[in-house]
Amino acid sequence: MHRRNTGRPEAALEALPPNLRDIFGKKKMMTPQTEDDVAQMVRDAQGPLRVRGGDTRGVMSEGDTLSTAGLSGMTLYEPGALTLVVRAGTPMTDVEAALAAENQRLAFEPLDHRVLLGTTGTPTIGGAVAVNAAGPRRIQVGACRDHLLGVRFVDGGGQIIKNGGRVMKNVTGYDLVKLLAGSHGTLGVLTEVSLKVLPQPERTATLTAHVADAGAAVALMSQALGSAFDVTGAAALQEDGGFRVFVRLEGFDASVRYRAGRLRDALRLDDGDDPWAELRDVAVLRHHAGVVRVSVRPSQAPQVLARLDDDVAVQMDWGGGLIWLGGDDATALLRAAQAVCADLGGHATGIKGDFASPRFQPEPAAVAAISAGLRAKFDPRGILNPGVMG
Amino acid sequence: MHMPAPDARIMDLKSQLAARLRQVMAADAVIDAEAETRAYECDGLSAYKCPPLLAVLPSSTREVADVLRICHDMGVPVVPRGAGTSLAGGAMPTADCVILGVARLNAVLEIDTADRLIRVQTGRTNLSVTGAVEADGFFYAPDPSSQLACAIAGNIAMNSGGAHCLKYGVTTNNLLGVTMVLMDGTVVELGGGHLDAAGLDLLGVVCGSEGQLGVVTEATLRILAKPEGARPVLIGFDSNAVAGACVSDIIKAGVLPVAIEFMDRPCIEACEAFAKAGYPDCEALLIVEVEGSDAEIDHQLGLISQIARRHNPVEIREAQDADQAARIWLGRKSAFGAMGQINDYMCLDGTIPVSELPRVLDHIRALSQEYGLDVANVFHAGDGNMHPLILYNANMPGQLETCEAMGAAILKLCVEVGGCLTGEHGVGIEKRDLMHVQFDPVDLTAQMAVKDVFDPRWLLNPAKVFPLDASAQHRAA
């Protein structure tokens with residue numbers, strides 16, 4: 001099953017033949033207000049459900065829409081324990097504002113898809129968990145999954161299940177928390193999540209340099225990341241036939257000044273402006289019809305790029321471990337990137353565009369069988385966002 | 001603690017099974033003499049012992065796959081074993097099982113400091129992973145107390161933590177990929193040198209699955225550049241509640257120490273008697289360690305001391321150099337040895353929300369009086385992971401049972417205040433029958449569904465983690 005993702009759900013509707021458009025257009029929109037409501041609606045579902053947070057990623061699947069927007073609000077926030085428990089449909093802006101008031105933040109830096117996809121809507125915390133959001137700070141603090149302490153969700157059979165909890169260290173039973181993070185609503189409808197939060201830094205500094213090519217960019221980022229100076233961002237954008245590399249340091253004022261000085265000298269970098277919000281949101285690729293996200297071993301990034309067309313637009317992040325590609329022909333770009341990953345390891349995922357082939361990299365048969373087995377257990381009727389991870 | 005009766009059909013297969021296993025691996029890698037299988041009768045939870053039917057020590061992923069395929073064919077349960085240091089009985093055998101030890105799989109396969117990773121076979125010890133990259137200025141962050149002896153295989157199975165995970169996370173946050181053999185002999189690769197999953201995060205659910213989903217033979221681990229330096233400050237308080245409030249204030253102030261260790265009076269006194277570290281005479285003691293350059297450390301220790309002073313500390317001792325740092329850590333690091341000098345002890349591992357610290361410590365003191373057993377508390381305060389040590393005499397009839405009952409009462413308390421049964425040791429057999437305290441049946445069924453997928457016949461480490469009544473139907477399938 002292949003999904004269009006032009007960034008606008010209504011665009012996908014318009015692309016359908018009139019008879020189908022009619023059918024899809026009449027689908028129900030459900031906005032449960034409680035976890036029990038979610039469970040009831042899932043149990044009562046007669047067909048597929050589009051499980052949605054703020055709908056900012058515009059990913060299409062068929063069926064009635066089940067929105068988590070009604071499940072909003074904070075259950076618990078203990079700044080002294082770095083813990084937040086929040087209902088899944090809570091707008092990200094609400095979460096960020098509450099944390100900012102205590103000088104804290106979500107350290108995994110979830111990207112705002114509205115910039116890249118041109119979507120509207122309100123990003124939710126549940127959505128960030130469902131896609132395992134991870135911004136430039138991934139290389140130092142991890143992705144959403146690394147900050148997710150617990151989940152409550154409704155599985156495909158309408159059962160309310162909890163896993164993990166609200167404490168930092170917890171190995172009690174299997175870690176379904178990781179399994180739910182990044183499952184794109186296909187294993188369950190998230191209703192509440194517990195997260196580890198971290199302090200806001202006193203100061204952020206950006207260092208930068210222009211280098212000749214991708215190889216030099218990755219080498220420079222590796223040097224920075226391999227230093228003792230706690231680099232929290234290492235990204236690169238195309239510039240004048242080469243790349244502009246950005247390195248970020250965060251922390252207490254004096255400490256950042258000290259570390260920036262040491263790195264500036266060691267790697268011959270200049271002070272730069274703060275590009276991190278734009279890098280996080282991949283703003284540089286927003287005008288491209290097709291955008292593909294590639295996750296590889298950092299040192300392989302130059303090889304990946306060498307095997308793609310010269311006119312592909314590129315943003316590298318995670319020291320080269322994350323490559324964003326932009327082009328006109330989404331399907332061709334995705335196929336090329338997935339072919340390279342099949343050879344080199346890693347994987348490529350279609351993020352924006354009309355994709356005529358599966359958006360997710362096919363997995364080896366034995367791994368795919370396990371994933372299929374898990375879906376069959378958690379969603380035996382196959383009604384939760386079917387095909388979204390296909 | 002109860003284990004299922006051994007299966008007579010399997011016991012009868014012993015010689016046939018040994019012969020088949022010897023066809024696929026070196027003769028000395030199959031251990032079937034009773035005197036020798038006894039070496040595998042228990043792990044770090046030595047209160048429970050049972051020699052296995054057989055033990056095997058494969059030397060490659062291929063041999064692991066052969067062993068599992070044969071056992072799968074013959075319907076023989078397999079208990080994977082790293083270094084056997086589990087405190088939860090994760091590697092405890094049953095009489096009808098094959099112990100699959102990964103001790104011979106101890107090679108370093110690849111070191112890549114540019115990509116900041118190391119690939120090892122999983123029989124390698126935790127500390128020797130750091131040993132392999134130390135000369136390059138790197139280290140492997142998770143540091144369980146048993147790191148000299150414990151194997152990466154066991155670290156992955158239990159999702160092990162350590163003292164420094166407040167900053168660096170636990171095993172799952174530092175694990176990039178595994179080569180894993182399923183019970184039917186299928187070899188799968190999950191993850192690798194890249195940072196996130198292609199589809200569902202199977203690596204995430206494998207880590208911490210206590211050897212029940214597959215046997216992990218190789219692991220790709222994240223390595224980090226060593227900080228320029230690290231030094232602790234020791235702070236004494238005249239009550240547990242004040243020490244707990246100080247921990248919360250340090251965290252709220254935006255300082256992120258690499259470790260915040262907490263010791264209560266019984267623990268301080270025992271350590272003092274044993275190691276003579278020169279700790280102050282007080283009710284509660286914090287050791288807070290920070291990292292960076294000398295100036296960065298001074299700055300952070302200054303901030304921490306400033307916060308501590310608001311709580312009227314009995315004493316503040318900032319380490320000025322490596323020697324003073326070592327003295328501060330001396331008592332803490334000898335805590336378990338000190339307890340062992342006094343008596344047998346049971347080490348618990350529940351986690352609580354940091355804010356509940358004073359209340360929980362008071363409650364533990366009351367339980368100590370109720371059960372008539374002494375308790376010393378030493379734990380990772382920054383993340384709420386407690387390690388109450390209950391002292392008992394194993395030679396006195398009934399004391400082990402009293403100790404276990406008191407341990408269960410403490411763990412129930414941890415769950416009641418919003419925490420969990422185990423923060424880093426795992427469930428194993430030790431906390432298996434308490435799982436219903438933390439989880440509803442539907443929660444346990446969801447977890448067991450994962451095992452149904454990876455190991456449909458429930459042959460891998462079958463009688464662990466889930467209460468036997470809850471798993472009975474799955475195990476019989």
For this session: Could you go through the side-chain contact (heavy atoms from CB on, under 4.5 Å) check for B:Ser293 and A:Arg259 one step at a time?
Result: CA-CA 9 Å; B:Ser293 66; A:Arg259 287 180 281 140; over 6 Å; no
For this session: Begin with the C-alpha distance, continue with both residues' side-chain angles, and end with the deciding distance and a verdict on side-chain contact (heavy atoms from CB on, under 4.5 Å) for A:Asn163 and B:Gln447.
Result: CA-CA 9 Å; A:Asn163 194 260; B:Gln447 295 177 35; 3.4 Å; yes
Exercise. Step by step, would you call B:His380 with A:Met168 a side-chain contact (heavy atoms from CB on, under 4.5 Å)?
Worked result: CA-CA 11 Å; B:His380 316 306; A:Met168 300 275 177; over 6 Å; no
For this session: Kindly determine whether A:Ile160 and B:Val442 satisfy side-chain contact (heavy atoms from CB on, under 4.5 Å), including the steps that lead there.
Result: CA-CA 8 Å; A:Ile160 299 167; B:Val442 68; over 6 Å; no
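Residues B:Ala225 and A:Ser227 approach most closely at CB-O, 3.1 Å, considering heavy atoms. Nearest approach of A:Gly173 to B:Met435, heavy atoms of both residues: CA-CE, 3.7 Å.
Using a 4.5 Å cut-off between heavy atoms, B:Glu210 touches chain A through its side chain atoms alone. Within the 4.5 angstrom heavy-atom criterion, no atom of B:Tyr168 approaches chain A. For B:Lys167, the part lying under 4.5 angstrom from a heavy atom of chain A is the side chain only.
Between A:Asn170 and B:Thr351, the side chains place no donor N or O within less than 3.5 Å of an acceptor N or O (distance only, hydrogens not considered).
With respect to chain A, the highest number of heavy-atom pairs below 4.5 Å among B:Ser160, B:Ser248, B:Gly137 belongs to B:Ser248. Chain A forms the most heavy-atom pairs under 4.5 Å with one residue out of B:Cys207, B:Gly254, B:Gly161, B:Ala253, and that residue is B:Gly254.
A donor-acceptor contact shorter than 3.5 Å links the side chain of A:Thr172 to the backbone of B:Thr422.
In this structure, OG1 in A:Thr349 is found 7.5 Å from CG in B:Asp196, a value given to the nearest 0.5 Å. Separating the CG atom in B:Leu195 from the CG atom in A:Leu322 is a distance of 8.5 Å, to the nearest 0.5 Å.
Using a 4.0 Å cut-off between charged side-chain N and carboxylate O, B:Asp440 and A:Lys162 make a salt bridge.
You'll find the side chain of B:Val354 stays beyond 4.5 Å of the side chain of A:Thr83, heavy atoms only.
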